[in-house]
Amino acid sequence: MSAGVRGRTPRVERVGSTRLRILAMVLVAVVLAGMVWSRLAYWQIAKHGQLASQAQAQYREVVTLPAVRGAIFDRHLAQLVVNTTVYSAFVSPDQVPKSERDRVANGLVTVLAADRAKLTTTLASGAKFAYVARRVPKDKADHLRALKLPGVGLEEETQRSYLPGIAAGTTLASNLLGFVNYNGDGQYGLEAKYQGALAGTPGYISSYRDLANREIVLGSHTHQAPINGSDVVLSLDANIQYASEQALADGIKKYHAESGSVLIMDPNTGGIVAWADYPSYNANDFVHTDTALFKDNVASYVYEPGSVMKVVTLAGAINSGAIAPETVINDPGYLNVGGYRISDWDHRNHGNVSYTYVLEHSLNVGAMKAMQAEGHDSFYNYLQGFGLTKPSGIDVGGETCLLPAAADKLADSQYATSAFGQGIDVNMVQMLAAVNVIANGGKYAPPHVMERVGTKVNPLLLQPQRQVVTPETAAKMTAMMQSVVQHGSGWTSRVKGFELDQAGKTGTSQIPVNGQYTQDVWASFVGFLPAQHPKFTMLVVVRKPHVDGSDRDWTLNDGYFTAAPIWQKIAQAMVVDWHITPDPR
């Protein structure tokens, strides 16, 4: 009995283990089937689009049709930028027989001045493609074609070409215009700002081909024509731009300055007539240019404007009724404000003087007393009205601003120094637009460079201009600025025939380094003519002039000595070019 029981026990175990094995095999089969079906679903459903595209790409050809980049014109429709055809030379080393490598290398070195060692390595690589030179002019491309070198080809491309500037190595208005890189992307200036409008939209044409690269007649064709870029018309005047660059370069060299800039505006519209920097660069050779030169010092650089700010300060005080041009004050040569003793530039006791005299001789004490008579709140409100507490919004990329603190955060001493243009930062666009309020009968004309893109007019030209001060206040300030030219610090700016009919103001401010003012200065001059019906408003800024002898007399670096003569030279050229005549009297 017990033996029989013991004999049946193994059979039960074998039957159970067989069932387990069968169940395990079924489970494995189900898992494997699930994996197969999931992979089939993955490739046939999830990856269907990708696989179809890859398969189609093996016999579908797509050719890009490039758009023509829009041109840039000045106000007289003179073309400032043109598109020229150039060529990129390439070689397919796998198509160059070993016996022809020396001939190919010799030809490329002779025509394109290619690096022989690098070229030899490339030809021996067996690669399918390598550029030898980019942007080759047509004459060299024609020479290369004539050699009929195996494996060497030319790729036609479009290149932006900019007008020559005042000297070799520069192009006209390069800091304003910017340039276009090899990928067709605008870099800096207007080329970057209006990239979307200028570049247009490329098109394409596609067809199907067999493995022998023969077009399949029954295949579908798709064609999308390119949309060429829009032309851009500027307020710039190419002739005045050239004259400005020439006078600026001569002045910066003469006064041994670090750099300088000129900005000229149409008083009535705010359109920029000239935008010049020195030193500048060659936009046609941007690859070999020091990138520091790409920065534009007109809108991308802030400075302390110095006594040019007195135009804003006195205009606000006159408009508020706090002072009048003939109001007399006592100027002992200094003023104690907020625990600081702040002096006139010459440290002299001037006694009783009028506010016209204050502007003529650029006295800091007079500016501070005008601000105090007006009051902090009113002074700050006029800073806002003249556009000095926010960016100018100029339609050029890269505007830099260092805006003043809120009105209730400024100390008494900060209000005092701001009144004569120290301790307050502006860019040239902000400062010129502020002074232009006086030239424009008290109205703020928004500064801009673009007049229209295609047929679309700049919206700024359609907006009403805001009234900052009354026409009467603007007329009084104009008369005071005329007196600066006739009797004060602006005498070096006088234009022949306009000695009694131009308005201006000098400015000189010390440059701070690590919180301490140095002996280096920003020297500037701003003005407009004719005084009563201005044709232009111009600001010249010279950075760190070092006139011979200025180590003994720092006033030789003053705005009247360095910036005003540059202003005068440009203004004289504008009088001739624009046929400007003095107002009849």
Side-chain angles (χ1 to χ4, degrees), residues 262-265 267 303-318 323 325 344-346 353-368 370-371 382-383 386-388 418-422 424 426 428 430-440 442 468-469 473-495 498-509 521-532 534 536-542 555 558-568 570-571:
V262 174
L263 191 63
I264 306 175
M265 176 182 288
Y303 73 109
E304 297 183 14
S307 294
V308 167
M309 180 64 75
K310 290 169 184 169
V311 173
V312 172
T313 300
L314 297 187
I318 291 171
I323 68 168
D344 283 324
W345 64 273
D346 58 0
V353 294
S354 71
Y355 272 109
T356 295
Y357 185 96
V358 165
L359 196 67
E360 288 174 350
H361 299 277
S362 204
L363 302 181
N364 297 340
V365 170
M368 290 186 285
M371 179 275 299
Y382 279 109
L383 288 182
F386 279 92
L388 298 176
S418 295
F420 59 86
Q422 289 269 191
I424 183 171
V426 298
M428 286 183 63
Q430 288 176 297
M431 196 68 247
L432 182 61
V435 175
N436 189 68
V437 167
I438 306 304
N440 192 32
V468 181
V469 296
T473 295
K476 291 175 182 178
M477 276 308 306
T478 296
M480 293 171 73
M481 293 174 71
Q482 284 180 270
S483 194
V484 170
V485 174
Q486 295 170 26
H487 309 295
S489 59
W491 64 274
T492 54
S493 72
R494 295 174 190 161
V495 176
F498 291 84
E499 294 87 349
L500 302 177
D501 199 19
Q502 69 178 82
K505 183 68 191 80
T506 54
T508 308
S509 53
V521 300
W522 291 290
S524 59
F525 187 84
V526 67
F528 50 87
L529 69 75
Q532 301 307 316
F536 64 86
T537 309
M538 181 187 349
L539 173 62
V540 175
V541 175
V542 178
T555 62
D558 200 293
Y560 83 94
F561 199 86
T562 56
I566 296 173
W567 191 99
Q568 187 275 341
I570 299 169

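Bear in mind the structure is a predicted one, so any value in this text is a computation, not a measurement.
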Val358 to Ala367 - nearest heavy-atom pair and separation: CG1-N, 4.1 Å
Enter the distance from His487:NE2 to Thr356:OG1 here, rounded to the nearest 0.5 Å. 9.5 Å
Does Thr537 have any side-chain contact (heavy atoms from CB on, under 4.5 Å) partners at least two apart in sequence or in another chain, and if so, which? Pro267, Leu432, Asn436, Ala439, Phe528
If only atom types and distance count, is the side chain of Thr473 paired as donor or acceptor with the main-chain N or O of Val469 below 3.5 Å? no
Kindly write out the residues that satisfy side-chain contact (heavy atoms from CB on, under 4.5 Å) with Val485, not counting sequence neighbours, or none if the list is empty. Ser493, Arg494, Gln502
Going by atom types alone, do Ser524 and Lys505 pair a side-chain donor with an acceptor below 3.5 Å? no
Are any of the side-chain heavy atoms of Val262 and Val541 separated by less than 4.5 Å? no
Would a 4.5 Å heavy-atom cut-off, applied to side chains only, mark Tyr560 and Phe525 as touching? no
What distance do Leu539 atom CG and Gln430 atom CD have between them, rounded to the nearest 0.5 Å? 12.0 Å
Distance from His361 atom NE2 to Thr506 atom OG1, nearest 0.5 Å? 11.0 Å
Assess the side chains of Lys310 and Thr313: does a donor N or O sit below 3.5 Å from an acceptor N or O? no
Which atom of Ser354 lies closest to which atom of Pro325, heavy atoms considered: CB-O, 3.8 Å
Side-chain contact test, heavy atoms from C-beta onward, threshold under 4.5 Å: evaluate it for Asp501 versus Leu529 and give yes or no. no
Could you report the tightest heavy-atom contact between Pro305 and Ser509, atom names first, then the distance? C-OG, 4.1 Å
Of Ile438, Val437, Val435, Val312, which meets side chain to side chain contact (heavy atoms under 4.5 Å, CB included) against Met477? Ile438
Nearest heavy-atom pair of Ala474 and Gly442: which atoms, and what distance? CB-N, 3.6 Å
So does Ile318 get a backbone contact from the side chain of Tyr355, meaning a donor-acceptor N/O pair under 3.5 Å? no
To the nearest 0.5 Å, how far apart are OG in Ser307 and CG in Leu359? 9.0 Å
Tyr357 side, atom OH; Leu363 side, atom CG - distance, nearest 0.5 Å: 6.5 Å
If only atom types and distance count, is the side chain of Thr492 paired as donor or acceptor with the main-chain N or O of Phe561 below 3.5 Å? no
Where do Ala531 and Thr478 come nearest, in terms of heavy atoms and distance? O-CG2, 3.4 Å
Any chance you could measure Gln486, atom CD, to Leu500, atom CG, to the nearest 0.5 Å? 5.0 Å
Ring geometry between Trp567 and Phe536 (parallel below 30°, tilted from 30 to 60°, perpendicular above 60°): tilted
With a 3.5 Å distance limit and no angle check, can you tell me whether Asp344 reaches the backbone of Asn364 through a side-chain donor-acceptor pair? yes
Is there a side-chain contact (heavy atoms from CB on, under 4.5 Å) between Met431 and Tyr303? Walk through the geometry before answering. CA-CA 10 Å; Met431 196 68 247; Tyr303 73 109; 3.8 Å; yes
Which atom pair, heavy atoms only, marks the closest approach of Ser418 to Met309? O-CG, 3.3 Å
Under a 3.5 Å threshold, yes or no: a donor from one side chain and an acceptor from the other, between Gln482 and Gln532? yes
